[in-house]
Q: 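Dropping the structure in here first, questions after.
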Amino acid sequence: MLLGRPRMNHADLEARLNANVARTNARVRFVEEVPFGDSLRIQRWTMGNGLGVLLLRDPSAPVFSYQTWFRVGSSHETPGKTGQAHLLEHLMFNATRNHPHGEFDRLLEAAGGETNAATWVDWTCYYENLPASELGLAVHLESDRMAHLKLERQKVVSEKEVVVSERRDRVDDDVEGRVSETLYATAFGRTHPYGWPTIGWMTDIEGFTPADCREFYRTHYAPPGASVVLVGDVDPEHALSLLQEHYGPLRGPARPEAPAVPRSRQRAERRKIVRWPTPTPKLAVGWHAPPYGDFDHAVLTLIDQLLVGGRSSRLYLDLVREREIASEVRMSLAPFQHGGLVDLWISAREGHPVARSLAVVEKHLARLRRELVSEDELDKVKNRLELGFIGALETAQGKADQIGFCETVASDPRHTFVRLEEYRRVTPEDVRRVARAVFVDARRTLVEVVPTTRGRA
Amino acid sequence: MSRRARASGARWTTDAGIGVLLEESHALPLVDVDLILRAGALHDPVGKEGLARLAARMLRMGTRKLTSDAVDEAIDAMGASVSIDVGHGTTRIHASVIRRSLPALFDLLGSLLRAPALRASDLGLLQRETVSDLLSQRDNDRWLAGRAFRGHLFGDHPYGRPAVGSAATVVASTRKDVEAYLETHLVAPGLTIGVSGAVTESDLKALIDRAFGALRTGQPQPMAVAAPRVQRGRRVLVIDKPDRTQTQVFVGTLGTRFRDPVFYPLVVANTVFGGTFTSRLVREVRGERGWSYAASSRLGVDRQREAWALYTHPSNEHVADCIALELGLIDAFVEQGITAEELAAARSFLVKSHAFDRDTASKRLEPRLEGEIHGLPEAFYSRYVEHVGGVTVEQARDAVRSRLSARDLSIVLVASAAEVAGPLAKLPGVAQVEVVPFDAV
């Protein structure tokens, strides 16, 4: 049972907060209060300048997580400028008009804080986890860098080097990273917003100028394109008054129109080969998946678990345990606003061609399309998903992650609980219907890894 | 049954001699269970490295009445996850479970530990899986570098032997070896159970007594491990792997142990050196030069002195310069220690961020478990804030000088040797550069 406290009168609170506020941008408006589980509640507020605010008071530990979710990610970039959202995420930890380079991290560390950020196709998220007494510092630093970032030439150059290093680590020297990049580029095409990697193509990263970064920052980093998510042992009235004080002076251009993300028109199977110094062959297969907000995305999550979730899952049992022809089998379902891929990764055992594993996979997919799964097996994967759902809510950061992601991608901060209910509603007929719709050979892409060297056991 | 109360949570010993620690929290319907056995890879016979890990994994492979597939099915069906981790001195079975399935989980774990089937066919399956996994891990450059670094630093000492073993030693273990290992080490007084989450003390007592009350008693084997010795000089090992665009680099030496009187001064000093984003190493390697996305130093700890290790992954063109920079930073660290300003910042960070070491029940339990397993005084962790907050500049400087050697360093790289090996011999103080192929690690 989650802890909570009595509901407050929001009209009175709104009146108190706005009583002596002249600036329109700084005025706050209560929008709604929605449940987050049995006894916690999310308050949604907006500021006059368009900033969205989501507050969840959670007194279970004397800490808070402060997150800023910008509705901009790699899908908002253009060919030739890929990786811009991610590079800017790195640069956001540099100097502002009010703080020299390095001070952002120094102040947060001195306060016992942890900070980081992440970028993906639909969003960019920044967070600070701090002791409850340090809320003012988080609000000050985040509002400052939303409006006053200095993008100096020297720092853009050195941060590009860091991103190049990150790309080499995650992609150029990593077989899974390289395969994932190849899979998405092949399935969507290199000019589709989901077809280029979030980290960007190497030539694009190397080509960015300070002017490119300033333009992207001015266009996308402003209150109308952002939501602040605050979860923890904080008083909402105090938090809102701090937001008024620090974000009130900010304003920015209206949020730019969301990019057009066309649906994939793949009508025939696509194949690629990657040659790599690896001891065993590997195979990735991707099928086009529904958008995150769709009920069918929840159904596909259950199918993922049926096939590879846990040691009793169908593909793990068959490929790894019984036939012993694969050392690893995994699936990944992209949680993208407009629908990404559901992809399967198989690492074959030495001496066993991946074609054998693929034949077994096809047999299982055909069974899913043909037969109804039993209620017992469905209940098993629902229990596994419930365990993961509960585990994700243990900390203030875990709750804030869920709220911010769901608000940004599904326009509903409590969607994680909606998703749990959707899992519970899924029927054997849903599983068969979605399997028939998704696992179509003409809409799949295969990337095979062919070893260029052999390792001894 | 005896019981003594602790401010942070309950602790008791069962009639069978099992130590139990509970950190209760009903914030979520979730329970974490840790079964920790005081035995691990240190007990592996030479030539049969990996035996402790195989034995632990055999515990999950069923009972006379349950096949391994039935065990896996039961775990997944109850909404639980179970993992097994074997270190040098401990074997840990960790489970997370939805509260409503806790009794079923304890019943299953109890039956697996009381009467494991130990089928020869299951052992063969695990051996083949392990050999296959070892081969697959060669795709992971950081894993390769880390494994080679420990072997290079510790040499023949047991800390240099990986708990997973090697392909040759894993297949050398027999069913009789596994049976004898468990016969010796799987006894109630050698087991500690840690539980955190939504369960009361009285409910937990009943569950543990039912599941583990009949676990075999006996004397746990003493855990003796000699102190590792520093190998002299700055020695370089290059793990040669083709087509690398960057290099994985570990640089390190012997560090500290639990009962080291300068443990906390070293913790503070390492925080200054490479423990945070504003630390010297991160600032110089990443912030100023952009040479490596990741940069950190880690201070390991165990019964005997563990490793102090720096990690970076510069591109091939910057490898020699990056390692030279790291050597210079280590020289300055050992000769001059840290400044008062650095000390104040590190102490403040460690003291204030301690709130995040205690924001969930499982995090609150972890130091209590570690103290219990290693026989540490309660104040070792419970007075963490005073320990860290009381460190002085002089204590930090003396601790670094007395424990960390700038002269005796293992430098281990995974790289395309032809592209990077040449300049390495010219690094200050480096006497030898050895190159081995990646599939020999």
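The sequence lines fix the lettering, A, B, ..., with proteins before strands; numbering per chain opens at 1.
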Q: Need one label for A:Gln397: side chain, backbone, both or neither, based on atoms under 4.5 Å from any heavy atom in chain B.
A: neither
Q: So which part of A:Asn129 gets closer than 4.5 Å to some heavy atom of chain B, the side chain, the backbone, both or neither?
A: both
Q: Regarding B:Thr276 and A:Glu109, do their side chains bring together a donor and an acceptor under 3.5 Å, going by distance alone?
A: yes
Q: Name the region of A:Leu108, side chain, backbone, both or neither, that has any atom closer than 4.5 Å to a heavy atom of chain B.
A: neither
Q: Going by heavy atoms in the side chains, are A:Arg168 and B:Ser315 under 4.5 Å from each other?
A: yes
Q: Measure B:His318 against the heavy atoms of chain A and call it side chain, backbone, both or neither at under 4.5 Å.
A: side chain
Q: So what's closer than 4.5 Å to chain A heavy atoms on B:Ile98: side chain, backbone, both or neither?
A: both
Q: Under the side chain to side chain contact (heavy atoms under 4.5 Å, CB included) rule, collect the residues that match up with A:Gln305, sequence neighbours excluded.
A: A:Val381, A:Arg384, A:Leu385
Q: Between B:Arg128 and chain A, with a heavy-atom cut-off of 4.5 Å, which part of the residue counts as in contact: side chain, backbone, both or neither?
A: both
Q: Which answer fits B:Asp359, side chain, backbone, both or neither, if we ask what part of it has an atom under 4.5 Å from a heavy atom of chain A?
A: both
Q: Between A:Asp172 and B:Thr245, do the side chains contain an N or O donor and an N or O acceptor separated by less than 3.5 Å?
A: no
Q: Please classify the contact between A:Arg167 and chain B as side chain, backbone, both or neither, with a heavy-atom cut-off of under 4.5 Å.
A: neither
Q: Quick one about B:Thr278 and A:Asp105 (side-chain donor to acceptor, distance below 3.5 Å, no hydrogens or angles considered), yes or no?
A: no
Q: With a 4.5 angstrom heavy-atom cut-off, could you sort out which part of A:Lys160 is near chain B: side chain, backbone, both or neither?
A: neither
Q: Which bit of B:Val71 comes within less than 4.5 Å of chain A, counting heavy atoms only: side chain, backbone, both or neither?
A: neither
Q: What do you reckon, is CZ of A:Arg424 surrounded by more than 12 foreign heavy atoms closer than 6.0 Å?
A: yes
Q: Pick one of side chain, backbone, both or neither for B:Ser362, based on which atoms fall under 4.5 Å of a heavy atom in chain A.
A: side chain
Q: Under 3.5 Å, is there a donor-acceptor pair between the B:Arg100 and A:Asn383 side chains?
A: yes
